[in-house]
K.L.:
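A single structure is presented below for examination.
Proteins come first, then strands; the chains are lettered A, B, ... in the order of their sequence lines, and each starts at number 1.
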Number of protein chains: 2
Amino acid sequence: MRNRLPVGKTGDVNTATVETPSTQDLIRRAAMTLFASRGYEATTLQAVAEVVGISKQAILHHFRSKEELHDAVLRQLIDHWNRTLPHLLVTASATRNRFDAVFSELVAFFQADPDRARLVLRELMDRPDVTRKLLSDVIGPWLSSIATYVRIGQERGVHRADVDPEAYLLQVLQLAIIGVATADVMSAIVGEGPEGRERSARELARIAHASLFSPRPVA
Amino acid sequence: MRNRLPVGKTGDVNTATVETPSTQDLIRRAAMTLFASRGYEATTLQAVAEVVGISKQAILHHFRSKEELHDAVLRQLIDHWNRTLPHLLVTASATRNRFDAVFSELVAFFQADPDRARLVLRELMDRPDVTRKLLSDVIGPWLSSIATYVRIGQERGVHRADVDPEAYLLQVLQLAIIGVATADVMSAIVGEGPEGRERSARELARIAHASLFSPRPVA
DNA sequence: GTGTGAGCTTACCAAATGGTAAGGAGCGCC
DNA sequence: GGCGCTCCTTACCATTTGGTAAGCTCACAC
(Lines give C-alpha, C1' and ligand atoms only; values in the text may rest on other atoms or scores of the structure.)
Protein backbone atom coordinates (compact mmCIF):
# COMPACT_ATOMS: atom_id res chain seq x y z
CA MET A 1 0.00 0.00 0.00
CA ARG A 2 1.26 3.41 -0.94
CA ASN A 3 0.39 6.92 -0.21
CA ARG A 4 -1.00 6.29 3.21
CA LEU A 5 0.13 9.61 4.57
CA PRO A 6 -2.03 11.83 6.73
CA VAL A 7 -3.66 13.30 3.70
CA GLY A 8 -7.14 13.44 5.09
CA LYS A 9 -10.04 11.71 3.50
CA THR A 10 -9.01 11.69 -0.09
CA GLY A 11 -11.34 13.70 -2.19
CA ASP A 12 -11.85 16.56 0.17
CA VAL A 13 -10.69 19.95 -0.98
CA ASN A 14 -7.04 20.50 -0.37
CA THR A 15 -6.39 22.27 2.86
CA ALA A 16 -4.27 24.87 1.16
CA THR A 17 -0.94 23.73 2.58
CA VAL A 18 1.59 22.14 0.27
CA GLU A 19 0.92 18.47 0.72
CA THR A 20 2.39 15.40 -0.77
CA PRO A 21 0.57 15.25 -4.07
CA SER A 22 -2.09 12.59 -4.11
CA THR A 23 -1.89 9.75 -6.55
CA GLN A 24 -4.77 11.34 -8.40
CA ASP A 25 -2.73 14.47 -8.87
CA LEU A 26 0.27 12.50 -10.02
CA ILE A 27 -1.85 10.68 -12.55
CA ARG A 28 -3.40 13.89 -13.79
CA ARG A 29 -0.02 15.51 -14.22
CA ALA A 30 1.50 12.58 -16.01
CA ALA A 31 -1.53 12.31 -18.24
CA MET A 32 -1.40 16.00 -18.99
CA THR A 33 2.18 15.74 -20.16
CA LEU A 34 1.53 12.68 -22.25
CA PHE A 35 -1.73 13.91 -23.76
CA ALA A 36 0.00 17.17 -24.62
CA SER A 37 3.06 15.67 -26.19
CA ARG A 38 1.63 12.58 -27.87
CA GLY A 39 -2.06 13.25 -28.16
CA TYR A 40 -5.00 11.47 -26.62
CA GLU A 41 -5.13 8.45 -28.89
CA ALA A 42 -1.41 7.86 -28.86
CA THR A 43 -1.29 7.95 -25.09
CA THR A 44 -1.90 4.59 -23.46
CA LEU A 45 -2.96 4.11 -19.89
CA GLN A 46 0.03 1.85 -19.60
CA ALA A 47 2.35 4.73 -20.46
CA VAL A 48 0.71 6.97 -17.88
CA ALA A 49 0.98 4.22 -15.30
CA GLU A 50 4.67 3.75 -15.96
CA VAL A 51 5.38 7.44 -15.52
CA VAL A 52 3.55 7.49 -12.20
CA GLY A 53 5.00 4.16 -11.18
CA ILE A 54 1.79 2.29 -10.58
CA SER A 55 -0.22 -0.28 -12.44
CA LYS A 56 -2.57 0.51 -15.25
CA GLN A 57 -5.51 -0.62 -13.16
CA ALA A 58 -4.62 1.79 -10.41
CA ILE A 59 -5.43 4.54 -12.86
CA LEU A 60 -8.75 2.98 -13.65
CA HIS A 61 -9.40 2.91 -9.96
CA HIS A 62 -9.10 6.69 -9.72
CA PHE A 63 -10.67 7.46 -13.07
CA ARG A 64 -13.45 5.34 -14.41
CA SER A 65 -12.14 5.46 -17.95
CA LYS A 66 -9.46 6.96 -20.12
CA GLU A 67 -11.92 9.55 -21.28
CA GLU A 68 -12.76 10.56 -17.74
CA LEU A 69 -9.06 11.06 -17.11
CA HIS A 70 -8.95 13.20 -20.19
CA ASP A 71 -11.84 15.28 -18.95
CA ALA A 72 -10.18 15.68 -15.59
CA VAL A 73 -6.99 16.92 -17.19
CA LEU A 74 -8.92 19.39 -19.26
CA ARG A 75 -10.98 20.62 -16.36
CA GLN A 76 -7.82 21.20 -14.39
CA LEU A 77 -6.45 23.32 -17.21
CA ILE A 78 -9.61 25.36 -17.44
CA ASP A 79 -9.70 25.83 -13.69
CA HIS A 80 -6.18 27.08 -13.78
CA TRP A 81 -7.09 29.50 -16.53
CA ASN A 82 -10.07 30.78 -14.62
CA ARG A 83 -8.00 31.19 -11.50
CA THR A 84 -5.36 33.11 -13.43
CA LEU A 85 -7.80 35.33 -15.27
CA PRO A 86 -8.58 37.71 -12.41
CA HIS A 87 -4.93 38.24 -11.70
CA LEU A 88 -4.44 38.93 -15.36
CA LEU A 89 -7.14 41.54 -15.48
CA VAL A 90 -6.01 43.16 -12.26
CA THR A 91 -2.61 43.50 -13.79
CA ALA A 92 -4.30 45.15 -16.70
CA SER A 93 -5.95 47.89 -14.71
CA ALA A 94 -3.05 48.45 -12.36
CA THR A 95 -0.37 49.09 -14.88
CA ARG A 96 0.18 52.10 -17.05
CA ASN A 97 1.08 50.18 -20.14
CA ARG A 98 -1.84 47.85 -19.75
CA PHE A 99 -1.69 45.95 -22.92
CA ASP A 100 1.90 44.85 -22.73
CA ALA A 101 1.31 43.67 -19.21
CA VAL A 102 -1.71 41.60 -20.12
CA PHE A 103 0.03 40.21 -23.13
CA SER A 104 3.10 39.12 -21.23
CA GLU A 105 0.86 37.57 -18.57
CA LEU A 106 -0.92 35.67 -21.27
CA VAL A 107 2.28 34.35 -22.73
CA ALA A 108 3.54 33.59 -19.24
CA PHE A 109 0.50 31.48 -18.56
CA PHE A 110 1.40 29.15 -21.36
CA GLN A 111 5.14 29.40 -20.93
CA ALA A 112 4.83 28.42 -17.29
CA ASP A 113 3.76 25.03 -18.55
CA PRO A 114 4.11 24.51 -22.30
CA ASP A 115 1.90 21.46 -21.97
CA ARG A 116 -0.99 23.85 -21.61
CA ALA A 117 -0.40 25.31 -25.04
CA ARG A 118 0.16 21.91 -26.57
CA LEU A 119 -2.96 20.50 -24.99
CA VAL A 120 -5.12 23.38 -26.17
CA LEU A 121 -3.74 22.96 -29.65
CA ARG A 122 -4.46 19.24 -29.58
CA GLU A 123 -8.00 19.85 -28.47
CA LEU A 124 -8.49 22.38 -31.22
CA MET A 125 -7.38 19.83 -33.78
CA ASP A 126 -8.74 16.61 -32.37
CA ARG A 127 -12.16 17.71 -31.28
CA PRO A 128 -13.00 20.92 -33.08
CA ASP A 129 -16.72 20.97 -32.42
CA VAL A 130 -16.50 20.25 -28.71
CA THR A 131 -13.66 22.68 -28.30
CA ARG A 132 -15.47 25.43 -30.12
CA LYS A 133 -18.14 25.64 -27.46
CA LEU A 134 -15.72 25.16 -24.62
CA LEU A 135 -13.42 27.85 -25.89
CA SER A 136 -16.28 30.23 -26.44
CA ASP A 137 -17.34 29.84 -22.85
CA VAL A 138 -13.90 30.01 -21.34
CA ILE A 139 -12.29 32.82 -23.25
CA GLY A 140 -15.45 34.60 -24.27
CA PRO A 141 -15.61 36.87 -21.22
CA TRP A 142 -11.91 37.52 -21.30
CA LEU A 143 -12.17 38.35 -24.97
CA SER A 144 -14.98 40.86 -24.82
CA SER A 145 -13.52 42.48 -21.73
CA ILE A 146 -10.20 43.18 -23.38
CA ALA A 147 -11.88 44.00 -26.66
CA THR A 148 -13.69 46.80 -24.92
CA TYR A 149 -10.41 48.07 -23.64
CA VAL A 150 -9.02 48.00 -27.17
CA ARG A 151 -12.02 49.96 -28.43
CA ILE A 152 -11.53 52.64 -25.82
CA GLY A 153 -7.96 52.91 -26.96
CA GLN A 154 -9.18 53.29 -30.50
CA GLU A 155 -11.47 56.15 -29.58
CA ARG A 156 -8.58 57.88 -27.90
CA GLY A 157 -6.41 57.36 -30.93
CA VAL A 158 -3.93 55.25 -29.01
CA HIS A 159 -4.87 52.12 -30.90
CA ARG A 160 -5.02 51.84 -34.65
CA ALA A 161 -8.46 52.53 -36.02
CA ASP A 162 -8.38 49.58 -38.41
CA VAL A 163 -7.95 46.99 -35.68
CA ASP A 164 -10.74 44.44 -35.39
CA PRO A 165 -10.56 43.98 -31.63
CA GLU A 166 -11.98 40.49 -31.25
CA ALA A 167 -10.24 39.13 -34.31
CA TYR A 168 -7.02 40.78 -33.27
CA LEU A 169 -7.11 39.31 -29.80
CA LEU A 170 -7.83 35.86 -31.13
CA GLN A 171 -4.89 36.07 -33.49
CA VAL A 172 -2.66 37.18 -30.67
CA LEU A 173 -3.93 34.37 -28.52
CA GLN A 174 -3.24 31.91 -31.29
CA LEU A 175 0.25 33.27 -31.73
CA ALA A 176 0.94 32.89 -28.04
CA ILE A 177 -0.31 29.33 -28.06
CA ILE A 178 1.44 28.08 -31.13
CA GLY A 179 4.53 30.02 -30.22
CA VAL A 180 4.85 28.15 -26.97
CA ALA A 181 3.62 24.83 -28.29
CA THR A 182 6.10 24.62 -31.12
CA ALA A 183 8.81 26.72 -29.56
CA ASP A 184 11.40 23.98 -29.67
CA VAL A 185 10.94 23.33 -33.34
CA MET A 186 10.24 26.72 -34.81
CA SER A 187 12.57 28.89 -32.82
CA ALA A 188 15.39 26.45 -33.46
CA ILE A 189 15.23 27.51 -37.08
CA VAL A 190 15.89 31.10 -36.17
CA GLY A 191 18.69 30.28 -33.77
CA GLU A 192 20.07 27.53 -31.59
CA GLY A 193 18.77 26.92 -28.11
CA PRO A 194 17.62 29.70 -25.85
CA GLU A 195 18.80 32.38 -28.23
CA GLY A 196 16.28 31.35 -30.86
CA ARG A 197 13.52 31.21 -28.33
CA GLU A 198 14.49 34.63 -27.10
CA ARG A 199 14.33 36.10 -30.58
CA SER A 200 10.99 34.43 -31.26
CA ALA A 201 9.49 35.66 -28.03
CA ARG A 202 10.70 39.19 -28.56
CA GLU A 203 9.41 39.28 -32.09
CA LEU A 204 6.07 37.90 -30.96
CA ALA A 205 5.69 40.72 -28.47
CA ARG A 206 6.80 43.26 -31.03
CA ILE A 207 4.25 42.06 -33.59
CA ALA A 208 1.43 42.12 -31.08
CA HIS A 209 2.40 45.61 -30.01
CA ALA A 210 3.14 47.14 -33.39
CA SER A 211 -0.05 45.90 -34.96
CA LEU A 212 -2.21 47.36 -32.22
CA PHE A 213 -0.79 50.75 -31.36
CA SER A 214 -1.03 53.78 -33.54
CA PRO A 215 2.32 54.93 -34.83
CA ARG A 216 3.56 57.75 -32.72
CA PRO A 217 3.73 60.95 -34.66
CA VAL A 218 7.51 61.25 -34.49
CA ALA A 219 7.20 64.78 -33.29
CA MET B 1 -10.12 -6.25 -60.45
CA ARG B 2 -10.26 -2.52 -60.42
CA ASN B 3 -8.41 0.29 -61.93
CA ARG B 4 -7.28 -1.52 -64.96
CA LEU B 5 -7.44 1.55 -67.13
CA PRO B 6 -4.78 2.55 -69.62
CA VAL B 7 -2.75 4.16 -66.93
CA GLY B 8 0.62 3.06 -68.18
CA LYS B 9 3.01 1.09 -66.11
CA THR B 10 2.11 2.16 -62.65
CA GLY B 11 4.90 4.02 -61.02
CA ASP B 12 6.11 5.93 -64.03
CA VAL B 13 5.89 9.68 -63.83
CA ASN B 14 2.48 10.97 -64.72
CA THR B 15 2.21 11.98 -68.33
CA ALA B 16 0.91 15.38 -67.41
CA THR B 17 -2.62 14.83 -68.66
CA VAL B 18 -5.45 14.64 -66.18
CA GLU B 19 -5.82 10.93 -65.67
CA THR B 20 -8.09 8.87 -63.55
CA PRO B 21 -6.30 9.01 -60.26
CA SER B 22 -4.49 5.80 -59.46
CA THR B 23 -5.38 3.84 -56.39
CA GLN B 24 -2.10 4.96 -54.91
CA ASP B 25 -3.17 8.54 -55.30
CA LEU B 26 -6.55 7.85 -53.81
CA ILE B 27 -4.93 6.20 -50.83
CA ARG B 28 -2.51 9.05 -50.37
CA ARG B 29 -5.28 11.61 -50.49
CA ALA B 30 -7.51 9.76 -48.08
CA ALA B 31 -4.58 9.21 -45.74
CA MET B 32 -3.66 12.87 -45.94
CA THR B 33 -7.13 13.92 -44.89
CA LEU B 34 -7.27 11.43 -42.06
CA PHE B 35 -3.76 12.03 -40.79
CA ALA B 36 -4.47 15.74 -40.84
CA SER B 37 -7.78 15.59 -39.06
CA ARG B 38 -7.21 12.75 -36.61
CA GLY B 39 -3.47 12.42 -36.37
CA TYR B 40 -1.20 9.56 -37.30
CA GLU B 41 -1.83 7.29 -34.35
CA ALA B 42 -5.56 7.76 -34.37
CA THR B 43 -5.78 6.95 -38.05
CA THR B 44 -6.20 3.25 -38.75
CA LEU B 45 -5.44 1.62 -42.04
CA GLN B 46 -8.96 0.28 -41.86
CA ALA B 47 -10.33 3.82 -41.85
CA VAL B 48 -8.24 4.80 -44.85
CA ALA B 49 -9.36 1.68 -46.66
CA GLU B 50 -13.01 2.44 -46.05
CA VAL B 51 -12.68 5.95 -47.42
CA VAL B 52 -11.04 4.65 -50.57
CA GLY B 53 -13.40 1.71 -50.79
CA ILE B 54 -10.84 -1.07 -50.77
CA SER B 55 -9.59 -3.54 -48.23
CA LYS B 56 -6.98 -2.76 -45.64
CA GLN B 57 -4.58 -5.15 -47.28
CA ALA B 58 -4.86 -3.37 -50.57
CA ILE B 59 -3.22 -0.44 -48.86
CA LEU B 60 -0.44 -2.61 -47.58
CA HIS B 61 0.02 -3.80 -51.12
CA HIS B 62 0.78 -0.28 -52.30
CA PHE B 63 2.62 0.86 -49.19
CA ARG B 64 4.75 -1.54 -47.25
CA SER B 65 3.66 -0.17 -43.91
CA LYS B 66 1.58 2.51 -42.29
CA GLU B 67 4.72 4.51 -41.74
CA GLU B 68 5.67 4.32 -45.38
CA LEU B 69 2.24 5.67 -46.25
CA HIS B 70 2.83 8.46 -43.81
CA ASP B 71 6.16 9.27 -45.43
CA ALA B 72 4.55 9.26 -48.84
CA VAL B 73 1.90 11.71 -47.72
CA LEU B 74 4.53 13.97 -46.25
CA ARG B 75 6.74 13.80 -49.29
CA GLN B 76 3.79 14.76 -51.44
CA LEU B 77 3.16 17.80 -49.30
CA ILE B 78 6.79 18.87 -49.47
CA ASP B 79 6.86 18.35 -53.21
CA HIS B 80 3.84 20.54 -53.56
CA TRP B 81 5.47 23.21 -51.48
CA ASN B 82 8.63 23.07 -53.52
CA ARG B 83 6.67 23.28 -56.71
CA THR B 84 4.73 26.29 -55.42
CA LEU B 85 7.77 28.10 -54.09
CA PRO B 86 9.06 29.42 -57.43
CA HIS B 87 5.67 30.76 -58.35
CA LEU B 88 5.54 32.43 -54.99
CA LEU B 89 8.86 34.13 -55.44
CA VAL B 90 8.09 35.15 -58.99
CA THR B 91 4.97 36.80 -57.69
CA ALA B 92 7.17 38.55 -55.21
CA SER B 93 9.43 40.17 -57.76
CA ALA B 94 6.71 40.91 -60.29
CA THR B 95 4.41 42.90 -58.08
CA ARG B 96 4.81 46.35 -56.74
CA ASN B 97 3.58 45.59 -53.30
CA ARG B 98 5.70 42.50 -53.04
CA PHE B 99 5.14 41.57 -49.50
CA ASP B 100 1.37 41.51 -49.52
CA ALA B 101 1.49 39.38 -52.64
CA VAL B 102 3.84 36.84 -51.15
CA PHE B 103 1.89 36.76 -47.96
CA SER B 104 -1.42 36.15 -49.64
CA GLU B 105 0.19 33.44 -51.77
CA LEU B 106 1.47 31.83 -48.61
CA VAL B 107 -1.91 31.86 -46.99
CA ALA B 108 -3.46 30.66 -50.22
CA PHE B 109 -1.15 27.66 -50.26
CA PHE B 110 -2.58 26.44 -47.01
CA GLN B 111 -6.11 27.61 -47.62
CA ALA B 112 -6.23 25.73 -50.90
CA ASP B 113 -6.10 22.60 -48.80
CA PRO B 114 -6.44 23.13 -45.07
CA ASP B 115 -5.19 19.60 -44.54
CA ARG B 116 -1.75 20.92 -45.37
CA ALA B 117 -1.80 23.29 -42.45
CA ARG B 118 -3.23 20.69 -40.14
CA LEU B 119 -0.70 18.11 -41.19
CA VAL B 120 2.23 20.45 -40.68
CA LEU B 121 0.92 21.31 -37.27
CA ARG B 122 0.55 17.65 -36.41
CA GLU B 123 4.08 16.95 -37.49
CA LEU B 124 5.35 19.83 -35.43
CA MET B 125 3.66 18.41 -32.37
CA ASP B 126 4.02 14.70 -32.89
CA ARG B 127 7.57 14.48 -34.10
CA PRO B 128 9.34 17.67 -33.12
CA ASP B 129 12.89 16.50 -33.63
CA VAL B 130 12.35 14.99 -37.04
CA THR B 131 10.29 17.94 -38.15
CA ARG B 132 12.87 20.44 -36.99
CA LYS B 133 15.40 19.22 -39.53
CA LEU B 134 12.84 18.75 -42.25
CA LEU B 135 11.44 22.20 -41.78
CA SER B 136 14.86 23.75 -41.72
CA ASP B 137 15.64 22.21 -45.06
CA VAL B 138 12.32 22.97 -46.68
CA ILE B 139 11.63 26.50 -45.58
CA GLY B 140 15.21 27.51 -44.92
CA PRO B 141 15.88 28.82 -48.44
CA TRP B 142 12.50 30.48 -48.64
CA LEU B 143 13.12 32.08 -45.28
CA SER B 144 16.52 33.57 -45.97
CA SER B 145 15.45 34.73 -49.39
CA ILE B 146 12.54 36.73 -48.08
CA ALA B 147 14.49 37.82 -45.03
CA THR B 148 16.96 39.48 -47.34
CA TYR B 149 14.09 41.27 -49.00
CA VAL B 150 12.88 42.46 -45.62
CA ARG B 151 16.36 43.75 -44.78
CA ILE B 152 16.53 45.73 -47.97
CA GLY B 153 13.22 47.27 -47.07
CA GLN B 154 14.63 48.13 -43.68
CA GLU B 155 17.58 49.93 -45.20
CA ARG B 156 15.24 51.93 -47.34
CA GLY B 157 13.12 52.79 -44.36
CA VAL B 158 10.08 51.05 -45.79
CA HIS B 159 10.18 48.35 -43.17
CA ARG B 160 10.38 48.99 -39.46
CA ALA B 161 13.92 49.00 -38.17
CA ASP B 162 13.12 46.86 -35.15
CA VAL B 163 11.87 43.91 -37.16
CA ASP B 164 13.83 40.70 -36.71
CA PRO B 165 13.40 39.40 -40.25
CA GLU B 166 13.77 35.66 -39.73
CA ALA B 167 11.84 35.64 -36.48
CA TYR B 168 9.17 37.82 -38.01
CA LEU B 169 8.71 35.58 -41.01
CA LEU B 170 8.50 32.50 -38.85
CA GLN B 171 5.83 34.11 -36.73
CA VAL B 172 3.89 35.06 -39.81
CA LEU B 173 4.26 31.55 -41.16
CA GLN B 174 3.00 30.16 -37.89
CA LEU B 175 0.05 32.51 -37.94
CA ALA B 176 -0.85 31.44 -41.45
CA ILE B 177 -0.63 27.79 -40.51
CA ILE B 178 -2.57 27.89 -37.28
CA GLY B 179 -5.02 30.33 -38.77
CA VAL B 180 -5.96 27.88 -41.45
CA ALA B 181 -5.66 24.78 -39.30
CA THR B 182 -8.00 25.98 -36.61
CA ALA B 183 -10.07 28.31 -38.74
CA ASP B 184 -13.33 26.53 -38.05
CA VAL B 185 -12.94 26.69 -34.32
CA MET B 186 -11.28 29.99 -33.71
CA SER B 187 -12.98 32.15 -36.25
CA ALA B 188 -16.34 30.85 -35.11
CA ILE B 189 -15.75 32.67 -31.86
CA VAL B 190 -15.40 35.97 -33.64
CA GLY B 191 -18.43 35.42 -35.85
CA GLU B 192 -20.61 32.74 -37.33
CA GLY B 193 -19.67 30.95 -40.51
CA PRO B 194 -17.87 32.66 -43.35
CA GLU B 195 -18.15 36.05 -41.73
CA GLY B 196 -15.92 35.03 -38.85
CA ARG B 197 -13.41 33.50 -41.19
CA GLU B 198 -13.42 36.64 -43.24
CA ARG B 199 -12.71 38.81 -40.25
CA SER B 200 -9.97 36.49 -39.05
CA ALA B 201 -8.30 36.41 -42.44
CA ARG B 202 -8.44 40.17 -42.82
CA GLU B 203 -7.05 40.74 -39.38
CA LEU B 204 -4.29 38.25 -40.02
CA ALA B 205 -3.21 40.15 -43.11
CA ARG B 206 -3.47 43.44 -41.28
CA ILE B 207 -1.28 42.24 -38.43
CA ALA B 208 1.35 40.89 -40.77
CA HIS B 209 1.36 44.13 -42.70
CA ALA B 210 1.20 46.58 -39.83
CA SER B 211 3.98 44.94 -37.88
CA LEU B 212 6.35 45.00 -40.83
CA PHE B 213 5.91 48.33 -42.54
CA SER B 214 7.05 51.61 -41.13
CA PRO B 215 4.22 53.91 -40.25
CA ARG B 216 3.71 56.40 -43.00
CA PRO B 217 4.47 59.88 -41.88
CA VAL B 218 0.93 61.17 -42.18
CA ALA B 219 2.11 64.08 -44.22
C1' DG C 1 -2.77 -20.24 -75.09
C1' DT C 2 0.38 -19.71 -71.83
C1' DG C 3 3.21 -17.47 -68.74
C1' DT C 4 4.01 -13.32 -65.93
C1' DG C 5 3.00 -10.00 -62.94
C1' DA C 6 0.41 -6.23 -60.97
C1' DG C 7 -3.68 -5.47 -58.13
C1' DC C 8 -6.43 -7.09 -54.91
C1' DT C 9 -8.89 -10.45 -51.52
C1' DT C 10 -9.67 -13.78 -47.76
C1' DA C 11 -7.62 -15.91 -43.88
C1' DC C 12 -4.88 -15.41 -40.21
C1' DC C 13 -1.82 -13.73 -36.29
C1' DA C 14 0.76 -11.76 -32.30
C1' DA C 15 0.68 -7.78 -29.70
C1' DA C 16 -1.44 -4.20 -27.41
C1' DT C 17 -5.49 -1.64 -26.01
C1' DG C 18 -9.23 -0.12 -22.71
C1' DG C 19 -11.85 -2.23 -19.41
C1' DT C 20 -13.93 -5.89 -15.77
C1' DA C 21 -13.72 -8.97 -11.71
C1' DA C 22 -12.03 -10.29 -7.65
C1' DG C 23 -9.17 -10.08 -3.92
C1' DG C 24 -5.47 -8.44 -0.68
C1' DA C 25 -3.21 -4.81 2.46
C1' DG C 26 -3.39 -1.34 5.57
C1' DC C 27 -5.89 2.15 8.15
C1' DG C 28 -9.69 4.13 11.34
C1' DC C 29 -13.81 3.18 14.08
C1' DC C 30 -16.71 0.61 17.12
C1' DG D 1 -11.24 -8.37 17.17
C1' DG D 2 -14.17 -7.40 13.58
C1' DC D 3 -16.04 -4.23 10.13
C1' DG D 4 -15.64 -1.28 6.43
C1' DC D 5 -13.30 1.55 3.43
C1' DT D 6 -9.82 3.24 0.25
C1' DC D 7 -6.06 2.01 -2.52
C1' DC D 8 -4.03 -0.94 -5.33
C1' DT D 9 -2.73 -5.62 -7.51
C1' DT D 10 -3.03 -9.90 -10.27
C1' DA D 11 -5.77 -12.30 -13.55
C1' DC D 12 -8.42 -12.08 -17.32
C1' DC D 13 -11.02 -10.60 -21.56
C1' DA D 14 -12.92 -8.94 -26.08
C1' DT D 15 -11.58 -6.02 -29.56
C1' DT D 16 -8.64 -3.77 -32.57
C1' DT D 17 -4.24 -2.86 -34.32
C1' DG D 18 -0.50 -3.25 -38.04
C1' DG D 19 1.29 -6.80 -40.61
C1' DT D 20 2.11 -11.72 -43.08
C1' DA D 21 0.89 -15.57 -46.22
C1' DA D 22 -1.23 -17.37 -49.81
C1' DG D 23 -4.07 -17.30 -53.51
C1' DC D 24 -7.41 -15.38 -57.03
C1' DT D 25 -8.12 -12.51 -61.38
C1' DC D 26 -7.58 -9.92 -65.03
C1' DA D 27 -4.48 -7.52 -68.69
C1' DC D 28 -0.92 -7.92 -71.49
C1' DA D 29 3.48 -9.93 -73.89
C1' DC D 30 5.04 -13.61 -76.35
Side-chain angles (χ1 to χ4, degrees), chain A residues 1-15 19-32 34-35 38-74 126-127, chain B residues 1-15 19-32 34-35 38-74 126-127:
Chain A
M1 159 137 300
R2 292 159 199 247
N3 213 349
R4 256 342 170 69
L5 327 176
V7 83
K9 298 263 191 212
T10 318
D12 66 355
V13 186
N14 269 348
T15 28
E19 297 177 359
T20 313
S22 69
T23 306
Q24 277 213 29
D25 283 338
L26 292 177
I27 294 173
R28 248 197 306 262
R29 286 183 206 177
M32 167 103 172
L34 288 173
F35 285 155
R38 305 184 187 176
Y40 177 76
E41 297 281 350
T43 301
T44 67
L45 292 180
Q46 187 64 42
V48 179
E50 275 164 22
V51 170
V52 181
I54 55 178
S55 73
K56 180 184 67 169
Q57 282 70 11
I59 295 179
L60 288 168
H61 169 71
H62 291 282
F63 302 90
R64 255 182 288 182
S65 67
K66 187 185 178 185
E67 195 145 343
E68 194 174 293
L69 173 56
H70 180 242
D71 289 352
V73 168
L74 228 62
D126 291 341
R127 316 189 317 176
Chain B
M1 160 137 298
R2 292 160 200 245
N3 214 349
R4 258 331 167 79
L5 328 175
V7 84
K9 300 262 192 213
T10 318
D12 65 355
V13 186
N14 267 349
T15 28
E19 297 175 0
T20 314
S22 68
T23 305
Q24 278 213 28
D25 282 338
L26 292 176
I27 295 173
R28 250 197 305 262
R29 287 183 204 177
M32 167 103 172
L34 289 173
F35 285 155
R38 305 185 186 176
Y40 176 78
E41 297 280 351
T43 300
T44 67
L45 292 180
Q46 186 64 40
V48 179
E50 274 164 22
V51 170
V52 181
I54 55 178
S55 72
K56 179 184 70 170
Q57 283 69 13
I59 295 179
L60 288 167
H61 170 72
H62 290 284
F63 302 90
R64 256 182 289 182
S65 69
K66 188 186 178 185
E67 196 146 342
E68 194 175 293
L69 174 58
H70 180 242
D71 289 352
V73 167
L74 229 60
D126 291 341
R127 316 188 315 174

K.L.:
Can you name the side-chain contact (heavy atoms from CB on, under 4.5 Å) partners of B/Leu34, sequence neighbours left out?
P.N.:
B/Arg38, B/Thr43, B/Ala47, B/Val48, B/Val51
K.L.:
Can you tell which of C/dC8, D/dT9, C/dG19 lies closest to the side chain of B/His61?
P.N.:
C/dC8
K.L.:
Nearest whole angstrom, please: distance from the P of D/dG19 to the CG of B/Leu69.
P.N.:
10 Å
K.L.:
In terms of side-chain heavy atoms of B/Gln57, which of D/dT20, C/dG7, D/dT9 is nearest?
P.N.:
D/dT20
K.L.:
Output the rounded distance in Å from CD (A/Glu50) to C1' (C/dT17).
P.N.:
13 Å
K.L.:
Once you round it to whole Å, what is the distance between P of C/dA25 and CD1 of A/Ile54?
P.N.:
19 Å
K.L.:
Atom NE2 of B/His70 and atom P of D/dG19: how far apart are they, to the nearest Å?
P.N.:
13 Å
K.L.:
Tell me, please, which residues at least two apart from B/Leu60 pass side-chain contact (heavy atoms from CB on, under 4.5 Å).
P.N.:
B/Leu45
K.L.:
Measure CD/A/Glu67 against P/C/dT17 and give the value in whole Å, please.
P.N.:
18 Å
K.L.:
Nearest whole Å is fine: how far is D/dG19 P from B/His62 NE2?
P.N.:
16 Å
K.L.:
How far does OG of B/Ser65 sit from CG of B/Leu69, to the nearest 0.5 angstrom?
P.N.:
8.5 Å
K.L.:
Produce the list of close N/O pairs, under 3.5 Å, pairing protein atoms with atoms of nucleotides 14-17 of chain D; give distances to one decimal.
P.N.:
none

K.L.:
Taking salt bridge (Lys or Arg N to Asp or Glu O under 4.0 Å) as the test, write out the residues that go with B/Arg29, two or more places apart.
P.N.:
none
K.L.:
Going by side-chain contact (heavy atoms from CB on, under 4.5 Å), name the residues that satisfy it together with A/Gln46, two or more places apart in sequence or in a different chain.
P.N.:
A/Thr44, A/Glu50, A/Lys56
K.L.:
Using only side-chain N and O atoms of B/Ser55, determine if any of them is under 4.0 Å from OP1 or OP2 of C/dT9.
P.N.:
yes
K.L.:
Applying side chain to side chain donor-acceptor pair (under 3.5 Å), name anything that partners B/His61, two or more places apart in sequence or on another chain.
P.N.:
none
K.L.:
Specify the separation, in whole Å, of atom CG of A/Leu60 and atom P of C/dA21.
P.N.:
13 Å
K.L.:
Could you state the CG-P distance from A/Asp71 to C/dG18, rounded to the nearest angstrom?
P.N.:
15 Å
K.L.:
Looking only at heavy atoms, which two atoms of A/Phe35 and A/Lys66 are closest? And how far apart?
P.N.:
CE2-CE, 4.4 Å
